[in-house]
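A, B, ... follow the sequence lines: proteins, then strands. Residue 1 opens every chain. Since the structure is predicted, the reported quantities are computational estimates derived from the model, not experimental observations.
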Amino acid sequence: MIDTLTDLLAAGVALAVPVLVAASGELVGERSGVLTMSVEGMMLTGAFASVVGATTTGSALVGVACGAAAGLLAGLLQALLSVVLRADQIVTGIAANALALAGTTFGARLLLERGTVVPGFDRVAVPWLSDLPVLGPALFQQTGLAYVLLAVVVGLGFLTSRRTTWGIALSAVGEDAASADRAGVPVRRVRFLAVLVVGVLSGLAGTQLALAEVHTFTDNMTAGAGYLAVVAVIAGSWRPVGVAVAALVFGLAQALQFTLPALGVDVPFALLVMLPYVLALLAVAGLVTHSRPPSGLTTPFVRLGRTA
Amino acid sequence: MPPPQPTATPALELRGVTRRFGTHTALDDVDLTVAAGEVHCVLGENGAGKSTLCHLVFGTLPPTRGELLLDGAPYSPASPAEALRLGVGMVHQHFSLVPTLTVQENLLLGRGRRLRPDRAGLAERLGEIEQDLGLRVDPAAVTGSLSVGARQQVEIVRALLDRPRLLLLDEPTGVLGPADVERLLATCRRVAATGTAVVLITHKLAEVMRVGDRATVLRGGRVVGGGRIARTTDDVGTLRDDVGTGALSAADLVPLMIGRDVRMLDPVLAASVDVGATAAAPRPGVPVPGERPPAVLDVRGLVVEDADGARLVDGVDLAVGHGEVVGIAGVEGNGQSELVAALSGARGPSAGQVLLDGDDITRATPGRRTALGLGVVPEDRHHEAVVPALSVTTNLLLGRLGAYRRFGLLDRRALRADARDLAARFDVRAADLDAPLSSLSGGNQQKAVLARELSLDPLRCVVAAQPTRGLDLGAVDDVVTRLRDAATSGVAVLVVSSELSELLATCDRVHVAYRGRLSGPVPTDAPDARDQVAHLMTGAAA
């Protein structure tokens, strides 16, 4: 029983990491007032690019760089659409997801051979700490990439908190872009950069999934993890700690599909697969939290219409 | 603060500045010179181009033609950020503070590239401002929770943080109560005394006479006059000229502003520019004093709450009888909008009762209210009263299109005929009734709304929220007259407005909204009605 719990936590944390990384990027984007629905597609693109990069050069680190760069490019596209062209953020985001799914599936046929060994990251057991009961493996037996990404998430959380001028500007732009503009904040630049952050972190989240968890690329391998990241931001009330908790809950819900059958509990597998998405639905329906999104979310900024 | 630098170069100069929007010319060949250390008033009616002028100076709009000079150097800011950097501070008509941030965070916003906020530097500068100007703000307060007056204080402090050479205030007193207006005007003088050029944009003459050194009058986008302002020692109620000095008095400025002599003005018009004609206008159709007529609109203990349970309307009792005009005055944001929303059916009250001629309409749909004879002129014309993209005809008859059904289709001919009739009766000037409503001027749009609401059959009660906002004087006159005529014909009229002078000239009684409650009523024929209402607006009775 203890062993199963230990396994559940270890698997849950491992599955939560990609969702958390993507969600903390999405959080920055949403706080600036841009809803990036294309996190799913960016993750998939990042996963694909990282595997291509790692297999062709034989270096996992090059794979990480490729994953981040692919996320950056995808973010650039989304920023162009959402911030510069002021296109509908939800529609373009979903279109981008469809494009990413088709593109990576096709690309995998062209560039990837089945059965090739993908250089990746293995789990590093922190000496002594990883032997702690129950929590040890969950917290201290992750891949090096996961530790680095978690550090990035924490750093980003600090840089965009209200303790810094960046964080204040980010909140102001997302809440009341017109006022921020009049206070001298470059609204569009802030939003553009925020969407690039979403891109890079989503790309890295996909990289983590492909190089550190699955160790290969499969079609549609993100399978909705990007959408879970978007939901985690809502369920976490647009607060970093809340988002982390939500990501962890989703990770644990996913891990149940492996541990419950191992315990001999007779639950249809399909229901277990559904669980995280059912939780996500409940969260978006407002059953978990009643907090308010940034007032300016999905509203593009135009300085002045016609004033007489 | 550095001592004022004696300089011949004006702080701000506009030379032949023109701004067009499509075919509409908002500013036409405007010249303006503002010296350092003076309070320069830019005066004009709504639509005279005052706001456009602000946008040009603060970098939110570029001029179509002409040039701006700041301290003698060419000045063409591409954004507010650039204007701020070059030493132009602005206090906006509608606040430009992020409500969810604290005051401190709002003050730290947009200040340079450093990552760590310079809280110590800010505190020091706030101390200086407090010492020099007596302006105090609470840095820890959440901006959205502050009163309107306190919020504006923050706006002014923010505009002054970087020691601007030019401070621009766009209609700063519109949302303030009398006490806050006094404080603001005093601040303007003190800021000017430190050598900063202060431009005060307003349509209220009383303020100009109070603080202005010089004035420039805009009308229809052109400069129609200006010069030094005569110093008056007492309140502006009495117009006194500095005879023979060539300085401008209020009596000189009014005709410039509106193109008519002050003596020719209807008392309502005079009131709307606040020239001090406080005597209530003689009104026809006032019911016999003493016995109050039975209430047509009867509001009992009405409570409206926001999502968090805060009471926006907090137990309002109100009765409006046949042929009565009752006003609700007050600084905006004291629950007036929510009260009107609850009366019109746009928002459900959480407690209390609304009766219309004895029918309980507390939870009736807007359609049911219309059918029972409740006309509503909402505050936000574009979002709540009309569909700007639909034709004038459709908008005029929007609530009763069902009556024009023939074989399941609309009888366009009958529609057009009735619309033409209504437009003629209510003087809605439209070149083409099939053109979208948005092609009409603001005044004519409002007349169309009035035409629709006042032509209801039956019509028992009209609720008009800020009915004259943004209208030019001619349209104001028309709207007010229509409402008074409706009352004369026996309709109960409730007018909610932040224009105190207008209310005093139109209404029988005026209530004052303060923090969701109503105080008063003050009968408008009382000699000191204005003072009583102004006193209540500060929350004296709450």
* Between A/Ala183, A/Ala180, A/Ala169, the one whose heavy-atom pairs under 4.5 Å with chain B are most numerous ->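 Ranked by contacts with chain B, first place is A/Ala183.
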
* To do: Show your working on salt bridge (charged side-chain N to carboxylate O under 4.0 Å, His left out) between B/Asp162 and B/Arg111 and close with a plain yes or no.
  => CA-CA 10 Å; B/Asp162 286 326; B/Arg111 306 177 61 72; 2.8 Å; yes

* Got a donor-acceptor contact below 3.5 angstrom from the A/Thr143 side chain to the A/Ala146 backbone? ->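 Confirmed, A/Thr143 side chain pairs with A/Ala146 backbone.
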
* Asked: What residues of residues 101-108 of chain B sit under 4.5 Å from chain A when you count only heavy atoms?
  ->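 The list, in residue order, reads B/Leu101, B/Glu105, B/Leu108.
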
* Is it true that B/Arg347 and B/Glu305 have a side-chain N and a carboxylate O under 4.0 angstrom from each other? ->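 Salt bridge: no.
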
* Which atoms of A/Ala178 come close to chain B, meaning under 4.5 Å heavy atom to heavy atom: side chain ones, backbone ones, both, or neither? -> neither

* Asked: For chain B, which residues from residues 75-92 of chain A lie under 4.5 Å away (heavy-atom distances)?
  ->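 Result: none.
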
For residues [X] and [Y], determine if any side-chain heavy atom of one lies less than 4.5 Å from a side-chain heavy atom of the other.
| X | Y | answer |
| --- | --- | --- |
| A/Leu170 | A/Val28 | yes |
| A/Val152 | A/Leu150 | no |
| A/Val173 | A/Asp181 | no |
| A/Val245 | A/Leu248 | no |

* Asked: What are the two closest heavy atoms between B/Leu160 and B/Leu167, and how far apart are they?
  ->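 Shortest heavy-atom contact: CD2-CD2, 4.1 Å.
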
* **NZ or CZ of B/Arg19 within 45° of B/Phe21 ring axis and under 6.0 Å** =>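 Judged by the rule (NZ or CZ under 6.0 Å from the ring centre, within 45° of its axis), B/Arg19 counts as positioned above B/Phe21.
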
* Under 4.5 Å from a heavy atom of chain A, the part of B/Leu97 involved ->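 Backbone of B/Leu97 only, per the 4.5 Å heavy-atom cut-off to chain A.
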
* Go through A/Ser295 and A/Glu175 one step at a time and tell me if the side-chain hydrogen bond (donor to acceptor under 3.5 Å, both in side chains) criterion holds. => CA-CA 5 Å; A/Ser295 310; A/Glu175 283 290 340; 2.7 Å; yes

* Structure fact -> Given B/Ala83, B/Ala81, B/Pro117, the one with more heavy-atom pairs under 4.5 angstrom with chain A than any other is B/Pro117

* **Test log, rule side-chain hydrogen bond (donor to acceptor under 3.5 Å, both in side chains), inputs B/Thr60 and A/Arg182** => CA-CA 8 Å; B/Thr60 34; A/Arg182 289 167 177 178; over 6 Å; no

